[in-house]
> 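Next up is a structure, given as structure tokens.
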Amino acid sequence: MDYQFKDIEKKWQQFWADNHTFKAENKTDKPKYYVLDMFPYPSGAGLHVGHPLGYIASDIFARYKRLKGFNVLHPMGYDSFGLPAEQYAIQTGQHPAVTTEDNIATYRRQLDQIGFSFDWSREVRTSEAGYYKWTQWIFMQLFNSWYNKDADKAVSITDLVAHFESKGSAGINAVCDEEILSFTAEEWKAFTEQEQQAELLKYRLTYLRESTVNWCAALGTVLANDEVKDGFSERGGYPVEQKKMMQWSMRITAYAQRLLDGLDTIDWPEPLKEMQRNWIGKSVGASVKFPLDKSTHLAGLSADYIEVFTTRVDTVFGVTFMAIAPEHELVAALTTPEQKNDIEAYIAKTKKKSELDRMADTKTVSGAFTGSYVLNPLNGEKIQLWIADYVLAGYGTGAVMAVPSGDQRDYLFAKHFDLPIVPIIDIQNIETEADPTKEGKYINSEFMNGLDYKAGTAAVIAKLEEIGAGKAKVNFRMRDAIFGRQRYWGEPVPVYFKDGLPYLIDESELPLILPEIDKYLPTETGEPPLARATGWSYKNQESRDKKQEEGFSYELSTMPGWAGSSWYWYRYMDANNSEEFASQEAIEYWKAVDLYIGGSEHATGHLLYSRFWNKFLKDIGKTPEEEPFKKLINQGMIQGRSNFVYRLFLQSGEELERNFDEINKGKPLFVSAKYANEILSTKILPIGYTKETSFKDILIGQLGKDALSEHVVDNSLFVQKLHVDVNIVNNEVLNIEAFKKWRPEYAEADFVLEDGKYICGWEVEKMSKSKYNVVNPDDLIERYGADTLRMYEMFLGPLEQSKPWNTNGIEGVFKFLRKFWRLFHDADWNFNVSNAEPSKAELKSLHKIIQKVEQDVERFSFNTSVSSFMIAVNELTELKCNKRAILQDLVITLEPYAPHICEELWVLLGNEAGTISYATYPKFNPAYLVEDEFSYPISINGKMKTNIALSLSLGNDEIEATIRAHADVLKYLDGKEPKKVIVVKGRIVNIVA
RNA sequence: GCUCAGAUGGUGGAACUGGUAGACACGCAGGACUUAAAAUCCUGUUCCCGUAAACGGAGUGCGGGUUCGAUUCCCGCUCUGAGUACCA
């Protein structure tokens, strides 16, 4: 039979499901290998052709590893909590759980069609109670932990309490809030429970704190930093403003250094690591305290100094003013009555600016003088104190010691406001701009004068420490992550409130189930949707004792989208465990993900949070590895490739603008791409022009005389470029009949063709419905089958490169599979394989591909092995090879790429159904590739001229002698004696003439 | 602005440690089969000169360099894409 991909693929997909072919065991004597894909958010749109790219690559890898004798864990699941389902619920009233379920069903159907070797018995869904129970459990562990800097790890909060009880707050070196109390053991014990809890909250790894958040009014929720782009929400593009709110946060900053260090130990793409490094943003410098000049109106102020962070503490003698953020908490207190108007006007201006276009306009210098002064801690010099919006409240201390001679922003500011600029290095050139050099010797710097950068920095830090005015300090750009969303469709936080303070519910009460509510909107009083749940409150012995009928109220915000995805790879190890998030045994066996494939858009979100939770789980002894994803590959984005048709109006643009609706109803005329381009480049001119260049003859020539009266209005040409559905365009040729059906208003349209065809234009754009460039994998599977789709997606180019999707060329892959099928069949499509001994040439073809696939898969170069398979099949077809000894091994090597056809042929070859997945990858034998002759390329002065076949047994001298005497070579040399002959054995001969 | 990645025929791409640039595939052109079309098969296909072949010349974004030899290494530049953006 001819290659019947539909029957074959359906049959084997069913077989794999029925026989649990890809079920992985948690214990075998085989070595383990864990291949993970970033699990999808099941959106309503289903999969487009770009989604499976990474899944296909990981599936090929997983199948290959099985053939290589590994016990492979290759699971799949759904990140099923999230905003889109909830937005949809708000619009339609449908429960997000229902739409999510539907979407998952669609995803599953689409994934099954592609023939992935997932172990579905381990499927996880983050929105299921059996899963989010453990997300809540991890939250509780975080709540019960603090970060001990001395031990450099998270430890139990009970240890902290014990310390407080015996020694008070002395000797604690923690990552914690800034405004912690100092107290003795006695004082601690004298605290009320409420006071103790309030203090402990400042240490917990997840904590509640009034913090500035990204508030998105349109979505009714706060967003994480990585969910905000240029002041707008990443999802939906709604404006985001800064707002102070009581919020759950995760103390990820405690792990900043470890997150940074870990990057050096993992095999990830360098750009991705770089993005994380930038996000963490470590800078080494010093903090310096500048005393306030209290000889003035500031006498009564409680604050004594302003602290700054600087990476160039060596330039402290060049400080000529100080700038603080307009939002700085001391601004009001520091402003003198005379400056009050200026300052208030400036603050009002910056507020408006940050709302409108915060990202534009970084060039304009602006600021206002407070009227107050600080003193340089080293020489007591009086320094003006300004506010300026180039100082960010959220970075460092929100204050900058300005050194105009060394920093360009400070320089521009000083020039603009006529402030002094003091050079502090002898070779500094500050005529036109700041000079941040570290070379040269210090000047104008008292005790530092004459020192170089290294010695100067050490000296100034020593001095600052000595007088208590500063110290060396490391600063991180990364902030603690906000961990609450005022939304419904997420994990409930397992916390209730008593006397305004949060307490964990009892572990035995997990999971805290997401309650039903009537509407998925905030309440009238602005509380999150969960406030709508009736009778949803925490009742325990205490509430009953206190005769609180209604119990304690639960936390009403839910967890953010990244909560469930920050640990899911552990759940796959033991997905159905109801006692633990995964058994110690399973975790000990699988340890960490060996290969993780996904998009780089998760660089600073998911991948950072996951590393953070992983480190925490390791600290509390639940998991063994410091890093969760040993190797990571970013698959490139699949961009859209749009097609265009060109509608031509034979009238002026002004007329069209005036009367477009009316004109648009007229009979449409479309011109092929060539004509559109020539019209746009004015190679073709309107009707009135000379014969050679006028559009008139083209029009009459193709559409007849009547076309003139039908289309021509005046002597103008106007081209309108319109998107056309890529699915009715084949190799840029428009299917005109399909086009007329696609848009009824074009049913009567006329077309000006080139070579009898309508050629469309094309461009690379985002893949989106509105651009009609979405290609659905279902359609391609229907036409060519899953094996073809799998191989074509790989054939498209290197996995990590972004590329536009273009279905042109898929035929070639389909033809290859058919040709492969034909190797096993005679002219009448009867299965026909011989047991004859293979020839040398056949063995060579086979072993070339065995070696090639091995090398390619190991370096994730899947596109090149597809080409090599084509070469192998072309060669074997040429050799008319139908020998079992060759074909059986070939089937195994192709199985990871095209599993269905290979399963079918495997069984036709007489093997047991389902066993190919665990067959042994054929052993490469280099002996079959050995040649005894090589066709040497002969170049003269580096230019290839001819080939001469020589035995490989010849030595360099023999080769040179033969070449020098060869007739062809003598002809090229034209009697001249070569200056030099370079012989590289088995490679090339180069003659220098 | 900074950081990173990339630039090879009409198109997607190959060339792995410096050694025959353009593998493989699409498209296109010509041919076979067919009443015809589709499908299939065969041949050609980097560009320029030339009727064609032999042959000759140019050629991996641009300009230099190292080398017997450079798509590959080095220096400078242009363009494209991604990330980031007053980070003190």
Side-chain angles (χ1 to χ4, degrees), chain A residues 229-230 269-275 277-279 281-283 285 308-313 315 322-323 358-359 361-365 388-392 394-403 406-410 412-413 475-478 600-601 603-604 634 636-637 639 641 730-733 755 762 764 792 795-798 800-813 815-816 818 852 855-856 859 861 863-872 874 935-947 978-984 986-993:
Chain A
K229 280 229 150 88
D230 302 332
E270 204 46 52
L272 193 79
K273 291 201 213 177
E274 201 57 34
M275 277 158 81
R277 285 193 192 105
N278 290 338
W279 190 263
K282 181 180 181 176
S283 41
V308 301
F309 174 75
T310 176
T311 52
R312 286 296 301 275
V313 69
T315 64
M322 174 174 281
R358 53 202 299 158
M359 47 178 216
D361 193 27
T362 59
K363 293 260 151 45
T364 333
V365 176
D389 67 356
Y390 79 85
V391 183
L392 306 176
Y395 185 75
T397 58
V400 172
M401 60 171 229
V403 185
D407 183 285
Q408 185 60 15
R409 289 158 318 181
D410 298 345
L412 291 172
F413 196 89
N475 199 42
F476 291 98
R477 192 183 82 113
M478 184 167 67
S600 60
E601 66 270 23
T604 52
N634 283 135
M637 256 210 326
Q639 296 145 306
R641 188 179 188 277
N730 190 10
N731 283 312
E732 323 322 337
V733 179
D755 303 326
W762 64 272
V764 173
Y792 184 61
F795 188 58
L796 222 45
E800 302 192 60
Q801 223 166 70
S802 286
K803 55 227 154 196
W805 177 266
N806 185 352
T807 311
N808 298 350
I810 195 169
E811 299 268 353
V813 174
K815 277 191 226 166
F816 155 75
R818 198 153 169 262
K852 180 74 175 153
Q855 290 171 344
D856 285 353
R859 64 191 174 109
S861 174
N863 57 323
T864 48
S865 32
V866 177
S867 300
S868 304
F869 276 122
M870 291 175 172
I871 294 169
N874 287 347
S935 174
Y936 280 91
I938 310 299
S939 25
I940 295 180
N941 295 328
K943 281 271 167 200
M944 215 286 280
K945 293 294 177 186
T946 187
N947 282 303
K979 287 192 193 117
K980 199 174 168 187
V981 176
I982 289 117
V983 176
V984 185
R987 284 251 178 214
I988 200 168
V989 177
N990 190 20
I991 299 168
V992 186

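These numbers were taken from a predicted model, which means no experiment stands behind them. Residue numbering restarts at 1 for every chain, and letters A, B, ... go by the order of the sequence lines.
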> Need the glycosidic conformation of B:G56: syn if within 90° of 0, anti if not. Which one?
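Anti, since the glycosidic angle lies more than 90° from 0.
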> For A:Ala402 versus A:Asp410, what's the shortest heavy-atom pair and its separation?
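Taking A:Ala402 first and A:Asp410 second, the nearest heavy atoms are CA-OD2, 3.2 Å.
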> Could you work out the separation of B:G12 and B:C74 based on their C1' atoms and round it to a whole Å?
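These two C1' atoms come out 31 Å apart once rounded.
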> Rounding to an integer number of Å, can you tell me how far A:Arg409 CZ sits from B:C87 C1'?
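It works out to 7 Å between those atoms.
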> How close do A:Met401 and A:Val313 get, counting heavy atoms only, and between which atoms?
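Distance-wise, the nearest heavy atoms are CE-CA, 4.5 Å.
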> Suppose you measure atom P in B:A15 against the same atom in B:U72; what distance do you get, rounded to whole Å?
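My reading of the P atoms in B:A15 and B:U72 gives 15 Å.
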> Rounded to the nearest angstrom, tell me the gap between atom CG in A:Leu392 and atom P in B:U84.
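So the CG-P distance, A:Leu392 to B:U84, works out to 16 Å.
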> Please test A:Glu732 against A:Arg641 for salt bridge (Lys or Arg N to Asp or Glu O under 4.0 Å), starting from the C-alpha separation and ending with a verdict.
CA-CA 11 Å; A:Glu732 323 322 337; A:Arg641 188 179 188 277; 2.8 Å; yes
> Only Watson-Crick and G-U wobble pairs, only distances under 3.5 Å, only runs of 3 or more: what stems does that leave for RNA chain B?
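RNA chain B stems, ordered by first number: B:1-7 with B:78-84, B:10-12 with B:24-26, B:27-32 with B:40-45, B:46-48 with B:56-58, B:61-65 with B:73-77.
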> With a 4.0 Å cutoff (strictly under), does any side-chain N or O of A:Asn874 reach OP1 or OP2 of B:A25?
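A:Asn874 to B:A25 OP1/OP2: side-chain N or O found under 4.0 Å.
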> Is A:Arg277 salt-bridged to A:Glu270, cutoff N-O under 4.0 Å?
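A:Glu270 and A:Arg277: salt-bridged.
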> Toward the 5' end of RNA chain B, which comes first, A:Val866 or A:Val400, by nearest nucleotide?
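Result of the comparison: A:Val866.
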> Apply side-chain contact (heavy atoms from CB on, under 4.5 Å) to A:Met944 and A:Ile988, showing your working.
CA-CA 10 Å; A:Met944 215 286 280; A:Ile988 200 168; over 6 Å; no
> Return the value, rounded to whole Å, for the distance between atom CG of A:Asn475 and atom P of B:C87.
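Atom-to-atom, A:Asn475 to B:C87, this comes out as 13 Å.
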> Rounding to an integer number of angstrom, what distance separates B:C48 and B:U43 when you compare their P atoms?
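That atom pair is separated by 24 Å.
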> How far, in whole Å, is B:U78 from B:C41 if one measures between their C1' atoms?
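It works out to 47 Å between them.
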> Please encode protein proximity along nucleotides 9-21 of chain B as a string of B, S and -, counting only heavy-atom distances under 4.0 Å.
---BSSSB--BBS
> Is any side-chain N or O of A:Lys945 closer than 4.0 Å to OP1 or OP2 of B:G57?
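Yes, within the criterion.
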> In whole Å, what separates the P atom of B:C86 from that of B:A14?
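Going atom to atom, P in each nucleotide, I get 38 Å.
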> For the P atoms, the ones on B:U66 and on B:G13, what distance do you get once it is rounded to whole angstrom?
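About 34 Å, rounded to a whole number of Å.
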> Measure across A:Tyr395 and A:Ser283 and return the closest heavy-atom pair with its distance rounded to 0.1 Å.
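Heavy atoms of A:Tyr395 and A:Ser283 come nearest at OH-OG, 2.9 Å.
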> Indicate the atoms forming the closest heavy-atom contact of A:Gln639 with A:Ser802, along with that distance.
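Scanning both residues completely, I find the closest heavy atoms to be OE1-C, 3.8 Å.
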> For the pair A:Phe816 and A:Phe869, name the ring-plane relationship: parallel under 30°, tilted 30 to 60°, perpendicular over 60°.
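A:Phe816 and A:Phe869: tilted rings.
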> What integer distance in Å separates A:Ile871:CD1 from B:G22:P?
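Between P of B:G22 and CD1 of A:Ile871: 13 Å.
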> Provide the distance between the two P atoms, one in B:U60 and one in B:A54, to the nearest whole Å.
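To the nearest whole Å, 23 Å.
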> Using the test ring pair (Phe, Tyr, Trp, His ring centres under 6.0 Å), find all partners of A:Phe476 that sit at least two apart in sequence or belong to another chain.
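A:Phe476 satisfies ring pair (Phe, Tyr, Trp, His ring centres under 6.0 Å) with no residue once adjacent residues are dropped.
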> In whole Å, what is the span from the CE atom of A:Met870 to the C1' atom of B:A25?
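From A:Met870 CE to B:A25 C1': 6 Å.
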> Would you mind reading off the distance between A:Phe476 atom CZ and B:C87 atom P, rounded to a whole angstrom?
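So the two atoms are 18 Å apart, to the nearest Å.
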> Between A:Phe309 and A:Met275, which residue's closest nucleotide on RNA chain B lies nearer the 5′ terminus?
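The answer here is A:Met275.
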> Could you pull out the closest heavy-atom pair between A:Ser865 and A:Asp856, with the gap in Å?
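The answer is N-OD2, 3.0 Å.
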> At under 4.0 Å between heavy atoms, what does A:Lys979 touch on the DNA or RNA strands: base, sugar-phosphate, or nothing?
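Nothing, no nucleic acid heavy atom in range.
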> Expressed in whole Å, how much space separates the P atoms belonging to B:C79 and B:U40?
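That atom pair is separated by 45 Å.
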> Which whole-number value in Å describes the distance from A:Asn730 CG to B:C26 C1'?
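In whole Å, B:C26 C1' and A:Asn730 CG are 11 Å from each other.
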> Just to be sure I understand the rule, does A:Val308 reach a base, reach only the sugar-phosphate, or reach nothing, if contact means heavy atoms closer than 4.0 Å?
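A:Val308: no heavy atom of the nucleic acid under 4.0 Å.
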> Can you name the closest pair of heavy atoms from A:Gly398 and A:Val391 and give their distance?
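The pair with the smallest heavy-atom distance is O-CG1, 3.5 Å.
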> Could you state the atom-to-atom distance from CZ of A:Arg312 to P of B:A88 in whole Å?
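Result: 12 Å.
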